[in-house]
Amino acid sequence: MTRISTALLGATLLAALAMPATAATQDGKGEAEIAKAIAGRTAGKPTDCIYLRDIRSSKIIDKTAILYEMNNGLIYVNRPKSGASSLDWTDVLVTDTHSSQLCSIDTVKLYDTGLRMPTGWVGLGDFVPYPRPPKS
């Protein structure tokens, strides 16, 4: 009995040690994807809200952030205050707002496109703008 318990404890510890490395690798991928999307751009002053009518598209960066591309080419990076670990590029964002803006106090539901089931939610953070670089 002791041998099984010791072996099980050892396997559990090894799995626990391996998990942070996987998370760190995923975080690195997400950050690299964000860096690619905003290459050549400089961060502006964060804002609490963006107008829904101005959003052209949104893109989920796995376990990291949501990118909102605006009609004028501006990109906002939103790093959720909570629930970022639920972000998966295969999900769809569903917002339930009661105004014409999406704000940092809002939550966004995530739905799996294949299963058509909710997979989680995120509590949005500040929207950091990255304008197009000036033309030379």
Side-chain angles (χ1 to χ4, degrees):
M1 187 74 137
T2 304
R3 286 184 188 176
I4 294 173
S5 297
T6 304
L8 184 59
L9 177 62
T12 304
L13 287 172
L14 281 174
L17 290 173
M19 288 173 85
T22 303
T25 302
Q26 180 57 43
D27 287 344
K29 282 183 180 180
E31 294 302 327
E33 194 171 342
I34 293 170
K36 183 178 176 182
I38 60 172
R41 298 173 183 239
T42 303
K45 182 181 175 188
T47 185
D48 289 329
C49 300
I50 58 176
Y51 283 99
L52 291 167
R53 70 173 184 262
D54 295 336
I55 299 172
R56 178 186 305 158
S57 66
S58 59
K59 180 178 182 183
I60 296 174
I61 307 297
D62 284 352
K63 305 192 183 334
T64 308
I66 303 168
L67 303 183
Y68 292 95
E69 184 178 354
M70 310 307 278
N71 291 327
N72 63 2
L74 181 68
I75 295 175
Y76 282 99
V77 176
N78 188 290
R79 294 174 188 276
K81 293 179 204 171
S82 59
S85 62
S86 299
L87 290 171
D88 186 303
W89 72 272
T90 62
D91 287 341
V92 172
L93 301 169
V94 178
T95 58
D96 182 19
T97 59
H98 301 282
S99 74
S100 60
Q101 296 182 326
L102 185 60
C103 297
S104 59
I105 61 169
D106 290 326
T107 59
V108 177
K109 296 176 188 171
L110 304 169
Y111 282 85
D112 184 287
T113 55
L115 299 175
R116 296 186 177 152
M117 292 180 54
T119 58
W121 62 274
V122 294
L124 296 175
D126 289 336
F127 295 86
V128 180
Y130 288 85
R132 286 184 176 155
K135 293 181 180 181
S136 303

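All values reported here derive from a predicted model rather than from experimental measurement.
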Peer 1: For Tyr51, what residues pass the side-chain hydrogen bond (donor to acceptor under 3.5 Å, both in side chains) criterion, not counting sequence neighbours?
Peer 2: Gln101
Peer 1: Nearest 0.5 Å, what's the CE-CZ distance between Met70 and Arg132?
Peer 2: 12.5 Å
Peer 1: Mind checking what makes side-chain hydrogen bond (donor to acceptor under 3.5 Å, both in side chains) contact with Asp106, not counting sequence neighbours?
Peer 2: none
Peer 1: Only pairs under 3.5 Å count here: list side-chain donor-acceptor contacts from residues 43-50, not counting sequence neighbours, and write none if there are none.
Peer 2:
none

Peer 1: Which value, rounded to the nearest 0.5 Å, describes the distance between Ser99 atom OG and Leu52 atom CG?
Peer 2: 7.0 Å
Peer 1: If you look only at distance, which donor and acceptor atoms sit under 3.5 Å apart when one is on a side chain in residues 110-129 and the other is two or more places apart or in another chain?
Peer 2:
unit_1 : atom_1 : unit_2 : atom_2 : d
Asp112 : OD1    : Gly114 : N      : 2.7
Asp112 : OD1    : Leu115 : N      : 2.7
Thr113 : OG1    : Thr90  : O      : 3.1
Thr119 : OG1    : Asp91  : OD2    : 2.9
Thr119 : OG1    : Leu110 : O      : 3.4

Peer 1: Taking all heavy atoms of Ile75 and all of Ala37, pick out the closest pair and write down the distance.
Peer 2: CD1-O, 3.6 Å
Peer 1: Pick from Val77, Asn78, Leu74: which one makes a side chain to side chain contact (heavy atoms under 4.5 Å, CB included) with Tyr68?
Peer 2: Asn78
Peer 1: Please examine the side chains of Thr97 and Leu102, heavy atoms only from C-beta on, and report whether any two atoms are closer than 4.5 Å.
Peer 2: yes
Peer 1: Compare every heavy atom of Arg41 with every heavy atom of Pro133, then report the nearest pair and how far apart it is.
Peer 2: CD-CG, 3.9 Å
Peer 1: With sequence neighbours left out, write down each residue that passes side chain to side chain contact (heavy atoms under 4.5 Å, CB included) with Lys59, or none if nothing qualifies.
Peer 2: Glu33, Ile61, Leu67
Peer 1: Test of understanding: with side chain to side chain contact (heavy atoms under 4.5 Å, CB included), list the residues that count as partners of Arg56, not counting sequence neighbours.
Peer 2: Glu69, Asn71
Peer 1: With hydrophobic residues grouped by side-chain heavy-atom distances under 4.5 Å, do Ile66 and Tyr76 end up in a single group?
Peer 2: yes
Peer 1: For the residue pair Ser58 and Leu93, what are the closest heavy atoms and their distance?
Peer 2: OG-CD1, 3.5 Å
Peer 1: Measuring from Asp62:CG to Lys29:NZ, what's the distance to the nearest 0.5 Å?
Peer 2: 8.5 Å
